Amino acid sequence: MSKKADENENEDKKAKKGKKGKGKVDASAGPSVAAHPRASRQVRKAKGWGGLAGFAIAAYLSHKAGVPTVDLGLRAIIAGIVGYLLAWACAVTIWRHLVLAELRVLADREPAHNPDFIPARATADHPAPAAEAAAAPSAAPSAS
């Protein structure tokens with residue numbers, strides 16, 4: 001095969017994959033931390049501070065213990081990764097609860113929906129208004 005054919009195949013594969021990672025979040029899937037306006041920013045901040053705190057604490061404690069510099073750096077990097085992941089898990093868990101709580105508050109503030117407005121949702125207890133209007137004249141007793 002020629003180089004042009006290989007390049008075209010690679011471009012086709014890349015086009016099929018699409019872009020992954022950062023981008024627009026699909027809000028139609030339901031409530032999520034990534035789609036929340038404040039949550040994603042706060043989770044990013046928590047991850048950053050968690051990583052920095054883990055790194056700094058491990059480096060300080062290793063330095064005070066007299067650990068060689070190479071081991072100190074390795075321990076600090078590992079502790080930074082652990083702090084990053086721990087902060088991420090805690091922040092996402094907290095924001096999941098906050099997002100659901102905000103949705104509950106929003107649902108409580110809105111007036112209850114009347115199922116009579118949507119005929120498909122009408123039940124036997126609450127027939128649709130159109131069905132009541134159509135059934136009322138034929139069900140009325142005749143005065144003859």
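Since the model is a prediction, treat every value here as computed from it, not as a measurement. Heads up: numbering here begins at 1 and tracks the sequence.
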In the single-linkage hydrophobic clustering (I, L, V, M, F, W, Y; side-chain heavy atoms under 4.5 Å), do [X] and [Y] co-cluster?
{"X": "L86", "Y": "W88", "result": "no"}
{"X": "I81", "Y": "Y84", "result": "yes"}
{"X": "I57", "Y": "Y60", "result": "yes"}
{"X": "V82", "Y": "L72", "result": "no"}
{"X": "V43", "Y": "I94", "result": "yes"}

What heavy-atom pair brings [X] and [Y] nearest, and what distance separates the two atoms?
{"X": "A79", "Y": "G54", "answer": "CB-O, 3.4 Å"}
{"X": "S62", "Y": "R75", "answer": "OG-CD, 3.5 Å"}
{"X": "G50", "Y": "A87", "answer": "CA-CB, 3.8 Å"}

Are side-chain heavy atoms of S40 and R44 found at a separation under 4.5 Å?
-> yes
Testing H97, E102, R104 for side-chain contact (heavy atoms from CB on, under 4.5 Å) with L100, which one passes?
-> R104
Can you tell me how far the CG atom of L98 sits from the NE2 atom of H36, to the nearest 0.5 Å?
-> 8.0 Å
